[in-house]
Amino acid sequence: MLKTIKISISALSGLILFLTPLAQAVEFPAASAAGTDPSCQFQDYAKALEEATKNPSEDYGEAIRAELKIRHDWLRAILNCSNFETKKLKNALREFQPNDAELDRLRNQILAQLEDVSQYYDLQLSKVDDHGLRSTKDAARAIIDWRAGTHSIVAERAGNLMLWSKNKDLFASARARYDLIGQTIRRLNLMEQEEIRGKYEAAGKSLSQAESLNSSARKLLLQSANPDTTKVIKDSLENLSQTYKSFFELSEGIKELLPI
Amino acid sequence: MEIQEILKKFKQINPDADYTKRSRSFIVQTPFVVAPPITSPWRAFMQSLQFGSAIALVGATVILIVGGFSSWRALSPFRIASLDIAALQAEAEAVNMQVELTDINYRENNKPLIANSTPASSSAIVAKKTVSSKVSEAAEQMGLSPATSSESISIEEALYKLAE
């Protein structure tokens, strides 16, 4: 009996000890956060409005009331969805730590602006029931303009702040790798090889250009919302991507030259 | 000298008589140790743990050998030189992912304004681009992705329809 227990415990402890490092090595995907809110499903409203306008009730008053109800419900859903969208961005920005005093000030400033955005949607929500048919349409147009002129600008800046900060590590890694590759090329006496030297210089050039654009992007980010910021961030990353293309070419070139 | 003669000479090799005597007396005098009986669950558990550790160690070694460990790769100058393709690939992918996230941030916040749009044209205002699940997950974590699903009507499209 005791022998059976001993064998069972042995097998179990062996299994646990054997599987523990494997379980730690395998990264289980985190449950993805719900990206959408029920208020953001608009298909049913679209169908109902189409139906109500194409086949209205014979009673004019009833037809108007039916259409108005659909428009009110839809506008309310759009505003709730916009609030949900703003809340998602605020939560991401709150959790985000830039590790940079200036960028942290900017983060707080953008958070305050996003709070104003939420207040705008709340105000519009409180007015929905007051709208007639025409003013519902006018309100929708006004919200389109406001989103383009205010919400989108604040949201894009928030995104750029997080993106730029995350890019810092990529630039540091690329620079460290570039320096190490240089040391290796020199150690292997391959700098005399014109092709290798050319590729290494090309990598250095695109990396410097990427770093310069990255510095410009930081300046633009700290200025009041500048429409060029996203483009400059993207250009800096594309130059960094080009640097990695040169690294790949260098790796291949060195492989061809060395008996490895 | 022929090999057979050498082997015959080997047969004549004997151990030193004194060494034989000492070894025999050492073996005879060594007490025969009997493993103590397992009297407590704790002792049983500890012995099992030792046995289990041995199994785990053997298992890990087998995985290390069978699972593609290559001394050639580990010692390759490419790893030392930071020119290892796998490491480069991982870093390049991280850069490309940031490019895609930047695209999403731009696209989601720069939807063109179309006045008096028809349903057909309004549905075309957002160029819905397919992105990898890794990128979508990162965009979601950063609050960059739209609140509406890709199959659904976007907020802008809904507002255009409502404004008609």
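Here A:E85 contributes atom CD and B:L144 contributes atom CG; the two are 11.0 Å apart, rounded to the nearest 0.5 Å. Residue B:N96 holds its CG atom at 9.5 Å from CD of A:E238, rounded to the nearest 0.5 Å. To the nearest 0.5 Å, atom OG1 of residue A:T136 and atom CG of residue B:L162 are 7.0 Å apart.
At a 4.5 Å heavy-atom cutoff, the contact between B:Q98 and chain A is made by backbone and side-chain atoms alike. Within the 4.5 angstrom heavy-atom criterion, atoms from both the backbone and the side chain of A:L163 approach chain B. Interface remark: A:N91 contributes no atoms to any contact with chain B (heavy atom separation under 4.5 Å). Contact of A:A155 with chain B is made through backbone and side chain together, with heavy-atom distances under 4.5 Å. A:L75 touches chain B through backbone and side chain together, each having a heavy atom under 4.5 Å away.
Between the side chain of B:N109 and the backbone N or O of A:I153 there is no donor-acceptor pair closer than 3.5 Å. Of the possible donor and acceptor atoms, none in the side chain of A:R147 sits under 3.5 Å from a partner among the backbone N and O of B:E156.
The candidate from B:Q141, B:Q89, B:M142 with the greatest count of non-hydrogen atom pairs under 4.5 Å with chain A is B:M142.
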Check the pair A:K137, B:E164 against salt bridge (charged side-chain N to carboxylate O under 4.0 Å, His left out), reporting the backbone distance first and the verdict last. CA-CA 7 Å; A:K137 293 178 186 180; B:E164 284 167 6; over 6 Å; no
Just do the side-chain contact (heavy atoms from CB on, under 4.5 Å) check on B:I153 and A:Y45 with the steps written out, would you? CA-CA 10 Å; B:I153 300 168; A:Y45 296 110; over 6 Å; no
side-chain contact (heavy atoms from CB on, under 4.5 Å) between B:K161 and A:E50, worked out: CA-CA 10 Å; B:K161 283 178 191 286; A:E50 198 179 345; over 6 Å; no
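Side-chain atoms of A:E156 and B:N110 form a donor-acceptor pair, as typed in the model, at a separation below 3.5 Å.
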